[in-house]
Structures are given as structure tokens and as C-alpha cells.
Amino acid sequence: MGDVGAPLEYYSRTLGHFIGYWHMLAIFSILSGIFLLFLAYLILKANSGKAKNRFMALMLVTEALRCFTSMLFWVYAWPEEMLSVLRPGRVVYYTMSLQLFFLYMAAATFYSERQWAKRISGFFKFHGLYILPVFCLTFILTVSYFMGGTNTSIGDISWIYCESVGPGIGSTVSGEPLPFDVVCVQEYESIYPMTFTNVVLGPLSRILLFIPLIGAIIATIALTRSRNRIDEAEDTNLKGEVRAVRLGFLGKTVMQVTTTLILFWMILLIGSAPNLNVSPFNPEFPLSSTLMFLPPLMPTAVVLAALFEGVIFTYAVVKNDMFGIDEQLRKTFTTTIFAGSGAILFLVSTELMESVFNQGWIGGVFIGMTFLLLRKPIIATLGGVSTRLIPESHTKEELGYLEMYFLAKKDQTITENERMMLDLQAKSYGITADRKTYLEQWYDEMLEKSGDNNELARKYGKSGINMMSIFSTTGEAPIDEREILQAFNQMDQNKDDVLSRDEFSSAPEVSKLPQESQEELFDTIDLNDDGVIQYEEFKLQAQITESEVLAINREQIYMEAYKVAMEDFIITDDERKMLKIQAKALGISDQRVQELEQDYNSGIESTEEE
């Protein structure tokens, strides 16, 4: 019972109505679950033998199962006989909620040096992968048995069928009659025939709703303590990983709190916990537009939290094992948020215009045109956010290789001997051929983007700024990577591994510039235009500026010799020979020598004319 016609025809009928909005969010949850399974696959592919990778993959599979089952009843207008098939989905959802609690509690053990923590983390290399799910399922079923079954502990499920306006048909999974007579109202006539399924929160499910939030809070606190210890040890690889995992739990906590607030809001509007009486087809319990809007937002917040957590955790675990994964995840994050927010706003605006003006298309056109016209600034803003959350990541060994590559590329060519040295360096660092190729391509792209950034010292030196004081702690060239890193860390006041405009402008040497010049310099260094400066961008510009300053210093040395030779306004053959030797020793090309001498001579002629 409950035929609603062909699926596509049915979905088209629901557009512009509350049930269409519910269906769309439910389908989004299914797609999110598939994406989380893909992320779990990436984590295992990076290093399937590592306990941490297996643990994180298990966590993402758990989140995926929650996404699949969170709104399973609202994916389609299911016939009544499907309820017995879908009912176990609620058991799976709350089993996974309990499992997440234990996984969150264990997450910090992978970043602890204590023996008991190492035993717990090691448990997930094999036995924990099956023992924990079995334990959680057994616990849920056992507790439910003593409480009178899952229909009581987790909550009953109602099913309503409306073929046309007038009396409808209703039933429950438990077999108990609905506490009201179903009335198919005129308002939804254009959707009929349709079915509507709703769920009740039982006493056990109410507890399990809050369990993941408690686990996320504890995990965040534990990881904060681990981060402080790792910061002191100055392990840059592990520091970035812990920061990302902690950020994932912070995002999870925020979204879980949002879910809780939505539930409390619903309880406040209803006057009690959601029950079977709460239905748009109960004439004795009229629902406000807010109550029609809120129910699917609860599981949607859970899904969004899982997506955020999945992207951040994948970045944290595989960033050093899969080259380019950070860039792929940044693009995925930006695209998902842009498309997801657009879809949700489209549905909300359509529903709002439908209820106010009975013309839902107005809201859809407004949101569509807004996103179309503002697409570039919106994507740029989201790109900046994604870069803050998922920065370009290189290991200490990779940074060392890039340093060697920079030195080899200074003359724009890499000789056979230099290539052999680079290959040996990559081998000693354990960098694969594919990763080496990616690093060199990435560096060349960054160098190409820098374009004309090789004259910053000349440009801003006129304002009395020592550019080397920005990029190093000594303020003099040459500089090494340690000085560049120290200068970057001094500017990075909030320790998020990127420089904001405010952090950059507050640096002592930069603050000497006018505001407009500060903005211009920041934009020059920010090669990917994401609104923040990553360390790689900072380091690259530091090296370019270092080369410029050293070249200026060499040119100044040459010009001192040239000025001495020009005291009598004549360059003899012997003096010219000496100047050529000097230029060759300083590495100054013949063309540049001519330019320097012409500039100097022009200045002398101008002085004489005056």
C-alpha cells in the first residue's frame, strides 16, 4: 500500500512543498555518506597497515553509516511494507552514535606517549575494528530488550498515506494505532498521492543523541593538551596533524551543539519531545511553518559535521603520504560548501516565498541569480577559508629538498651534476620520484606566479624599508631557512600556520609602510590570492628578495670600483680589464654592467648640465 507513481514524477510534484525540502536534504545525506566512504578509502590507500589510518577510516565509515541512516525514512515516499526493512536503519544510526563516542574518546591516544594510550591506539590495528562495532550493537540491542524492544527504547515510526483530499490511512511500525485520525488537507493536494513517515525519539535515543557531543568535547580537550606537548617538541609534521584533528573535533562540537539547540527549539515549540501527534496531517495539532522547517535540520547538522570532520581528518592523516591531496581536498571543500549552501538556500527561499506569496519560484530565481552574479567573490572567500583549514603541507624533508632545488634553479638551468645531486638528496630524504616531480612542478608554478616580484627591495627600499628584516630575523642577506621560519612564526600571532593581513601589517618593518603599500605588498606575496600567506609563499618571496638584495650588494661593490676608475672621467684599457674581472667575479652580466654604467654616466651628465 502507498503507490505514489513514478519516482521522477513524484519528486517533481513535491518541489516547492515542505516534503520536497525534506527529500532533498535526505538525498544530500546519502551522497555525503558515499563521499565519506571515499575519504575512508583514501586514508586506507595511503597506508593501510598503520593503526592510525585504520582507526580514522573506521571513524569515517561510522560517520558514513550515520549519514546513510539519519534521514533514510525521508529519502522517498516509501510504501508501508518497506518500513520493516527500513526500521533496522534507526538501530544502525544509534549504534554508530555510541561507537563514535568510544572512537572520539580514543582519538587522542594516537598522540600520547603514555603506555596505556599506546595500548589503546594499537588495539585498533586489528581487533578493535570488529570488537567495538559488535560491542556497541550488542549493548544497544540488550538495553532495548530490557526496555521493551527497539520501538520503545529508540522510538516508534508512523506512516501516513494520502491518495486525495479527505481521510487518509495511518499506521505505526509497532502496530499501535495512531493517536489521531489522519486528514489529508487541501494545502498539499498537488502532491497527492503521497506517503509521509515520521519518527519518535525514545528514551534511549535521546541519550544517544548527546553521546557524540560529549565525546567530541573530551577529544578536543585531550588533543589540546597533546598539541601543547608536541609544540614544545617542535615536531612540525605531527604539530600540523594534531592541529588539523583538533580543528575537526572543534567543528564537530559546534555542529553537535547546533543539533542540540535545534532539538530544544522544537521541544519549546511543541511543548514536549517529538511524538506521534506531531504531524502535518493531524488536524488537532496544527504545525507552524517553523516546525515544518526544523526537523530535517537536526540530521542535516549531523551530516555537515561529518563532512567537515571527514575532510579535515583525511587531510591530517594522508597529507604526507598522498601528494596533492591537500589541493584536492581544498577544491572539494570549496565546491561542496558552495553547492550545498546554494541548494539549501534555494530550498529555504522557495518555501518562504511559497508560504508568503504562494509563488515559490520567486525565491528560487532570487537565490539563483545572487549565486550566479556573486559566484567569483563567494568562491574566492570559500577558497580563503579552505586554505586556512587545509594549508599546503610539506614535510621537513620536502622543505629541505625544495631548498636544494631553489639553489639549483638560481641560474634558470639545472645541469646534469645538479640533477644527480637533487636525485641523491631526494633518495636520502625518502622522497619518491612522483612526489619529487610534484614538488618541483609546484615550486615552478609558485615561481611563475611570483612574476615581477624580484624587485621588492628596490621598490620598497625607497620608503626606508629593509625587506630582509621582514623575511628574516637578522635583517641581512644571505639568510637560511631557519631565519625565514623564525620570522614567519613571529608574525603568526595566533599560530594557525598562515599570516592574515592584520598579522602581516602589524610586523614592525611592514608597519612603517603606508596602509596602501602594506596591502599591495601583502597581495604581492599572496601568490594564490586566497587572502592569507602560507609559509611556502613567504619562503619563496624571501628567497627571491634575498637574491635581489645580494645582486644589489654585488652591483654596489662593482659601482664603487667603477666610480674610482671614473674619477678622471676616462676608463683606461687596464681599468676596463680590471672592471671586467670584477664583474665576472661578482657574477654580473655584460648587459647589466652596461646598464649600471649608463645610469651612472647619465647622472654625471645631468649634474654637469645643472
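These figures come from a predicted structure and were not determined experimentally.
Residues Pro296 and His23 fail the side-chain proximity criterion, which asks for heavy atoms closer than 4.5 Å. The shortest distance between side-chain heavy atoms of Phe102 and Thr62 does not fall below 4.5 Å. The shortest side-chain heavy-atom distance between Leu39 and Phe35 falls under the 4.5 Å cut-off. Put simply, the side chain of Tyr188 reaches to within 4.5 Å of the side chain of Pro280, judged on heavy atoms. Using a 4.5 Å heavy-atom threshold, the side chains of Met255 and Glu309 count as separate. Counting heavy atoms from C-beta on, the side chains of Lys252 and Glu63 come closer than 4.5 Å. Considering only heavy atoms from C-beta on, Leu58 comes within 4.5 Å of Gln99 through its side chain. Put simply, the side chain of Ile160 does not reach to within 4.5 Å of the side chain of Thr195, judged on heavy atoms.
Among all heavy-atom pairs drawn from Val200 and Pro274, the shortest one is CG1-O, 3.6 Å. Nearest heavy-atom pair, Met292 versus Trp22, reported as atom, atom and distance to 0.1 Å: O-NE1, 2.9 Å. Closest approach of Asp526 and Val532 over heavy atoms only: OD1-O, 2.9 Å. Minimum heavy-atom separation, Phe124 to Leu103: CE2-CD2, 3.8 Å. Across every non-hydrogen atom of Ser158 and Leu276, the tightest pair is CB-CD2, 3.7 Å.
Scanning for side chain to side chain donor-acceptor pair (under 3.5 Å) contacts around Thr220 gives an empty result, with sequence neighbours left out.
Arg206 places a side-chain N or O within 3.5 Å of a backbone atom of Leu201 that can act as its donor or acceptor partner. At distances below 3.5 Å, not a single donor-acceptor pair connects side-chain atoms of Asn277 with backbone N or O atoms of Asn282. A side-chain donor-acceptor contact under 3.5 Å links Trp159 to the backbone of Trp78.
Taking CD of Gln534 as the start and CG of Leu499 as the end, the distance is 9.0 Å to the nearest 0.5 Å. The structure places OG of Ser84 at 10.0 Å from CD1 of Ile157, a figure rounded to the nearest 0.5 Å. A distance of 9.0 Å separates CG of Leu304 from OG1 of Thr259, quoted to the nearest 0.5 Å. With rounding to the nearest 0.5 Å, the separation of OH in Tyr192 from CZ in Arg13 is 11.5 Å. Taken to the nearest 0.5 Å, the CG atom of Leu137 stands 4.5 Å off from the CG atom of Leu141.
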Take Leu44 and Arg54 through the side chain to side chain contact (heavy atoms under 4.5 Å, CB included) test and state the conclusion after the steps. CA-CA 6 Å; Leu44 288 177; Arg54 293 184 177 188; 4.3 Å; yes
Phe73 vs Phe196, test: ring-ring contact (aromatic ring centres under 6.0 Å, His included). Steps then yes/no. CA-CA 9 Å; Phe73 292 91; Phe196 178 75; over 10 Å; no
Going through the distances and angles, do Phe180 and Phe285 end up as a ring-ring contact (aromatic ring centres under 6.0 Å, His included)? CA-CA 9 Å; Phe180 61 90; Phe285 200 102; 9.3 Å; no
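Between Tyr93 and Phe68, a ring centre-to-centre spacing not shorter than 6.0 Å is recorded.
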